[in-house]
**Q** 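Have a look at this one.
Starting from 1, each residue takes its place in the sequence as its number. Since this is a predicted model, take the numbers as computed values, not measurements.
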Amino acid sequence: MKAIVGTYECKADAKGRIMLPAPLRKQLSGGLEDGFVLKRSVFQPCLELYPMAEWNKMMEKINKLNRFVKKNNDFIRRFTAGVKEVEIDAAGRLLIAKDLLVFSGIDSNVVLSSAVNIVEIWDKDKYEQSIDDSVLDFADLAEEVMGNLNDGEDGIS
């Protein structure tokens, strides 16, 4: 799957439905038939939308964990807590279950943000807080995470 690109703003209606912007729908169109998985994020107060193919790849990794190791079993339970199979309807809308709306704090203003192979779904105010430069120095983070990465060919610049 190609990387998903873009950050989009939209609104959630009273039922928790969000209309996916057309450019994002187009990028996700290859997975429309297979559906998607919507889950709580591990590290942030947002939701993660996995195309089914990406979810299946993740499950292959998780299924390699020994469930007779308590930490592994606890991780699996928490990682899959609140997981829902979802579809994008004919009108291009995604329904977010109430428990996931509560977890993420989504009320009406929503940000859909690409995260390589998945889409993060945020309450707009929480998203803005998460990317606020005063919370974390992004330059330091970029250097720490990507500074020693070299792909062996042209490098990363």
Side-chain angles (χ1 to χ4, degrees), residues 1-13 15-107 109-124 126-127 130-131 138 141-142 144-146 148-154 156:
M1 176 179 178
K2 290 183 181 178
I4 300 168
V5 178
T7 300
Y8 308 91
E9 291 187 22
C10 59
K11 299 235 183 242
D13 68 15
K15 294 180 180 179
R17 294 178 299 198
I18 57 173
M19 176 70 74
L20 296 179
L24 183 56
R25 275 197 320 263
K26 184 177 179 183
Q27 292 180 68
L28 296 174
S29 64
L32 288 178
E33 290 180 10
D34 296 332
F36 300 86
V37 170
L38 188 61
K39 69 174 287 301
R40 302 171 184 181
S41 174
V42 173
F43 299 108
Q44 300 289 338
C46 70
L47 304 176
E48 297 172 339
L49 182 68
Y50 283 77
M52 192 59 72
E54 294 300 322
W55 179 254
N56 290 337
K57 287 180 193 175
M58 180 63 71
M59 288 297 98
E60 285 178 22
K61 293 176 185 178
I62 288 176
N63 281 331
K64 292 177 183 175
L65 297 173
N66 182 345
R67 292 188 178 184
F68 287 97
V69 175
K70 185 178 181 325
K71 282 184 180 180
N72 292 352
N73 205 36
D74 291 346
F75 168 78
I76 292 167
R77 182 180 316 105
R78 296 203 52 200
F79 184 80
T80 58
V83 168
K84 308 275 191 282
E85 266 193 70
V86 295
E87 295 179 355
I88 297 171
D89 70 14
R93 297 175 303 188
L94 174 71
L95 176 64
I96 301 174
K98 294 285 184 203
D99 63 319
L100 295 177
L101 288 171
V102 170
F103 169 82
S104 60
I106 291 173
D107 187 22
N109 293 322
V110 178
V111 172
L112 305 171
S113 179
S114 61
V116 185
N117 59 346
I118 66 171
V119 176
E120 293 180 339
I121 303 174
W122 289 83
D123 169 76
K124 185 175 189 243
K126 289 183 179 180
Y127 178 76
S130 77
I131 60 170
F138 184 68
L141 177 63
E144 184 177 334
V145 172
M146 301 297 287
N148 291 324
L149 190 62
N150 188 342
D151 67 3
E153 294 176 12
D154 297 330
I156 294 177

**Q** Minimum heavy-atom separation for C46 to F103, with atom names?
**A** O-CE2, 3.3 Å
**Q** Looking at residues at least two apart in the chain, or sitting in another chain, which of them share a salt bridge (charged side-chain N to carboxylate O under 4.0 Å, His left out) with K84?
**A** D99
**Q** Would you please name every residue forming a side chain to side chain contact (heavy atoms under 4.5 Å, CB included) with E85, sequence neighbours left out?
**A** V37, M52
**Q** Roughly how far, to the nearest 0.5 Å, is the CD1 atom of I88 from the CG atom of L20?
**A** 4.5 Å
**Q** Restricting to ring pair (Phe, Tyr, Trp, His ring centres under 6.0 Å), what partner residues turn up for Y50, sequence neighbours left out?
**A** W55
**Q** Answer whether the closest heavy-atom distance between the side chains of I4 and L24 falls below 4.5 Å.
**A** yes
**Q** Restricting to side chain to side chain donor-acceptor pair (under 3.5 Å), what partner residues turn up for N109, sequence neighbours left out?
**A** K11
**Q** Please identify each residue that fulfils ring pair (Phe, Tyr, Trp, His ring centres under 6.0 Å) with F75, with sequence neighbours left out.
**A** F79
**Q** Distance check, rounded to the nearest 0.5 Å: N56 atom CG versus E54 atom CD?
**A** 9.5 Å
**Q** Among residues at least two apart in sequence or on other chains, which ones pass salt bridge (charged side-chain N to carboxylate O under 4.0 Å, His left out) with R93?
**A** D89
**Q** Side chains of residues 59-67: which donor-acceptor partners sit under 3.5 Å, not counting sequence neighbours?
**A**
residue: N63; atom: ND2; partner: M59; partner atom: O; Å: 3.2
residue: N66; atom: OD1; partner: F68; partner atom: N; Å: 2.7

**Q** How about L112 and I18: do any of their side-chain heavy atoms sit closer than 4.5 Å?
**A** yes
**Q** Given D74 and K70, is the salt bridge (charged side-chain N to carboxylate O under 4.0 Å, His left out) satisfied, shown in steps?
**A** CA-CA 6 Å; D74 291 346; K70 185 178 181 325; 2.6 Å; yes
**Q** So, using salt bridge (charged side-chain N to carboxylate O under 4.0 Å, His left out) as the criterion, who are the partners of E9 when residues are at least two apart?
**A** K124
**Q** Please list all pairs passing the salt bridge (Lys or Arg N to Asp or Glu O under 4.0 Å) test where one or both residues lie in residues 17-31, with sequence neighbours left out.
**A** D13-R17
**Q** Do you know the tightest heavy-atom contact between P51 and L28?
**A** CG-CD2, 4.3 Å
**Q** Look up atom CZ in R40 and atom OG1 in T80, then write down how far apart they are to the nearest 0.5 Å.
**A** 10.0 Å
**Q** Applying side chain to side chain contact (heavy atoms under 4.5 Å, CB included), name anything that partners A115, two or more places apart in sequence or on another chain.
**A** I118, E120
**Q** If the condition is side chain to side chain contact (heavy atoms under 4.5 Å, CB included), which residues does Y127 pass it with, not counting sequence neighbours?
**A** T7, V111, S113, W122, S130, I131
**Q** Is there a side-chain contact between F36 and L94, using heavy atoms and a 4.5 Å cut-off?
**A** no
**Q** Just to verify, what does E48 make a salt bridge (charged side-chain N to carboxylate O under 4.0 Å, His left out) with, not counting sequence neighbours?
**A** K39
**Q** Any side-chain heavy-atom pair from I121 and L100 closer than 4.5 angstrom?
**A** no
**Q** Set out, in order, the CA-CA distance, both residues' side-chain angles and the distance that settles side-chain contact (heavy atoms from CB on, under 4.5 Å) for D123 and S104, then state yes or no.
**A** CA-CA 7 Å; D123 169 76; S104 60; 6.0 Å; no
